[in-house]
Protein chains: 2
Amino acid sequence: MSKAGGDDYIVQPVMKALQVLDYVARQGHDVSLTETVHELKLPKTTVFRYLQTLSAAQFIEHDLKRDRYGVGRRFRDLARVDQGLQGLRDIAQPEMQRLVDTFHETVNLAVLSQSEVVYIDMLEPVVRAVKAQARIGRRHPAHSTSLGKAMMAFLPEADALVMRERALPQITIKTLTDADKLRRQVDDVRRRGYAIEVGENEDGVMCIGVPILDGTGYPVAAMSLSAPERRMKPELTIVAADALKVAAKRISTHLGAAAA
Amino acid sequence: MSKAGGDDYIVQPVMKALQVLDYVARQGHDVSLTETVHELKLPKTTVFRYLQTLSAAQFIEHDLKRDRYGVGRRFRDLARVDQGLQGLRDIAQPEMQRLVDTFHETVNLAVLSQSEVVYIDMLEPVVRAVKAQARIGRRHPAHSTSLGKAMMAFLPEADALVMRERALPQITIKTLTDADKLRRQVDDVRRRGYAIEVGENEDGVMCIGVPILDGTGYPVAAMSLSAPERRMKPELTIVAADALKVAAKRISTHLGAAAA
DNA sequence: CGCGTCCGTCCCACATCATGGAACGATAGT
DNA sequence: ACTATCGTTCCATGATGTGGGACGGACGCG
C-alpha cells in the first residue's frame, strides 16, 4: 500500500477504526459485526477487534444480548461537552467584546478543571495592551484567581473539595494560602455574586470575576475583567462588577435556551 | 505490557488515539502538540502521528497558522447525526406504539440512504404476528416501498436524483419499474401527504407511508403501517392514513422543538 | 427432529508497521 | 544574539497488528 503523497504519519489502525466508528454512528440502529464488515470491506477479524476496542473505550456500546453495536456513552458525552463549550464561547464573545469596549481592559473566559482554571477565551482592548498575563489554554490555581473563586462559590457541596486541596500554592506575596480565609471569602462571593482578587495571582494586577451558571445553577464557566491595580478605583470596581454580572446573566440565559 | 484480563482484542493505537481525541475535545480551546503530550504522557512522536491521523480523518482540525488542534468537522457531523437519529427514535416511539395499538398492524420507521430505505425501528402488534418482512437495519429499494415514496415526494430537486437511478429493480410482479409512472405517483403523494403501496415490495402485503419532515420541510424519515392486503379495506386505509399523518405531524413538531 | 447456513469468536504464523529516542531547524521570548 | 521550546523528520527495532482459516453455537428451513 504505497499511497504516494505527503500524507505520511498516518496510522492505519486509527484511520480504519474511525471508519468503523463513523459507520456505526451513521446508522440509526445498532449494527452487527457482519453487517459492518460487509459495508466497509475490511477483514472480519480486523473489524471485530476495532469494535471490541471502541467498546472498551465506551465510544460504542456492545449490546451483549443481541450482539449489536451502537453509539456509546463516551462519544455522546464528548459531543455534549464539545457542543457546550463551543456554544459557550460563541455566546460569550459578544458580551465580552462589549465589556472590553466599555472598560478598555482585558476580559477572560475560563472553566474549572480539577483545582485549576483554564482560560478558554480572552479579549484585549486595542489600546492599553497591558501585556497578557494569561494565554488561552493556560492554567492558574483556582484559589488565586477571581475566576476560580467565582466558580467555587457556586459549586455544590460535592464538588467543593476543590478547596480541600492539600496545599494552596503561594503565587504572589498576597495569595491566600489559608483554607479558612479562602472559605470565608468564597462565602462573601456567593452573597455578592462576584469575586475580587487583588495582586493574589500577579503583582499589580487585580481581577473581578463572575460565574456563568447553567439552568441548574452549576457554574459551567466564569468571566473576569483584569486590570492594573491602580487603574481600578473602588467605585469603578463596583460599576465593572455590576456590568460583569449583567453580562454573565445574559450568557446564562442564552445558554439555557441553546441547551433546550 | 501484560495486562492480564479478558480484555484481549484491544488494538492499542486505536485506544490511545481515542485518548487524544478525548483530550482535545474536552478542552474548550485549541491545543498544541506539546500540551497534549504533557497531559497524556505519551511519546511526542506518537501523539504527533495520532494528531495527524485524526486530522486527516477530519475528526479534529489542524489550525495551520497557530499549529493548534481543535474538534473537527467530521466529529461534529457525526454527533449531530447521531443526536438527530436518537432523538427521532425516542420521539417517534410513543406515536408508533399508539398506531400499533389502534390498528393492530406493524409500524415501521425508516430513513433514506442513497436510493434505499433503511429500517431504524419497528413495532409489531402482540397478536396477529404477520411475520416481519423487514428487520431493523434491513434495506429495501425506495421505489418499491411506501416509505421511500413518501420521502421522495418531499425531497428537494437536488436530492431527487434518487429517482434517476439507472434501473428500478423489479421486486414483485407489481413493482413499478417505469420512472415516469413513479414520478406521477410521487406527485400524487406530495398532494395527498401519504403514500400507498400494494404488493409492490412483497406479495399480499400493502403499506401506507407518511414522511416525517424537519423544520425546513426536509424528509428526515418516514413511518409506515404495513398489513396484509385483504385486511385493509379502502375506508380503513383512509382512516389509517389520516392517523399516520397526524402522528407524523406530531413527531415533526417535537423534533423541531428538540433541535432548537 | 436433524439438516445446513450464517455469524461471532478464537488461533497462529508472518512481516508489516507502529514505535519512540534522538537529532534537526524554526520560532519566539529575553 | 542567545537560549529555550516546539514541531518535524529520521531510522533501526521488534512488538504487535494482521487476516486467513477453523471452531462451535444459534437459528431457520425443510
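Convention: sequence-line order gives letters A, B, ...; per-chain numbering from 1.
- In terms of phosphate contacts, B:Q12 brings no side-chain nitrogen or oxygen within less than 4.0 Å of OP1 or OP2 of C:dA18.
- One interatomic measurement links the two molecules: CE of B:M15 to P of D:dA15, which rounds to 21 Å at whole-angstrom precision.
- Side-chain atoms of B:Y50 lie closest to C:dT19 of the nucleotides C:dT19, D:dC6, D:dG19.
- Note on B:T45: every side-chain N or O is 4.0 Å or more away from OP1 and OP2 of C:dT19.
- Under the 4.0 Å criterion applied to side-chain N and carboxylate O atoms, B:E105 and B:R231 are assigned as salt-bridge partners.
- Screening A:V71, A:D30, A:L51 for a side-chain contact (heavy atoms from CB on, under 4.5 Å) involving A:I60 leaves a single residue, A:L51.
- What separates CG of A:D8 from C1' of C:dT16 is a distance of 15 Å, to the nearest Å.
- Atoms NZ (B:K16) and P (D:dA15) sit 14 Å apart, rounded to a whole Å.
- Here B:Y9 does not reach the OP1 or OP2 of C:dT9: none of its side-chain N or O atoms lies under 4.0 Å away.
- Checking C:dG20, C:dG8, D:dT8 against every side-chain atom of B:T46, the shortest atom distance belongs to C:dG20.
- Taking atom CZ on B:F48 and atom P on C:dA18, their separation rounds to 15 Å, with Å as the unit.
- Judged purely by distance below 3.5 Å, without hydrogens or angles, the side chains of A:R76 and B:Q86 pair a donor atom with an acceptor atom.
- With B:E197 contributing its side chain and B:E200 its backbone, the two residues share a donor-acceptor pair below 3.5 Å.
- The distance between atom NZ of B:K65 and atom P of D:dG7, rounded to the nearest whole Å, is 18 Å.
- Comparing the axis of the opening five pairs of the helix from C:dC3-D:dG28 to C:dA28-D:dT3 with that of the closing five pairs yields an angle of 50°, rounded to 10°.
- Looking at B:E124 and B:H104, their side chains never bring a donor and an acceptor atom within 3.5 Å of each other.
- The interatomic distance linking B:L33 (CG) with D:dT8 (P) rounds to 7 Å, in whole Å.
- With C:dT9, C:dA23, C:dG20 as the choices, the nucleotide that has an atom nearest any side-chain atom of B:P43 turns out to be C:dG20.
- The residue A:L64 sits apart from the nucleic acid: no heavy atom pair falls under 4.0 Å.
- B:K44 places its NZ atom 12 Å from the P atom of C:dA22, with the value rounded to the nearest Å.
- Taking atom OH on B:Y69 and atom C1' on D:dC6, their separation rounds to 11 Å, with Å as the unit.
- Taking for each of A:E35 and A:I10 the nucleotide of DNA chain C with the nearest heavy atom, the 5'-most of the two is the partner of A:E35.
- When all heavy atoms of B:P169 and B:H143 are compared, the pair lying nearest together is O-NE2, 2.8 Å.
- Taking only distance into account, the side chain of B:R49 meets the base of C:dG20 through a donor-acceptor pair shorter than 3.5 Å.
- Between A:D77 and A:R74 there is no salt bridge, since none of the side-chain N atoms of the basic residue sits less than 4.0 Å from a carboxylate O of the acidic one.
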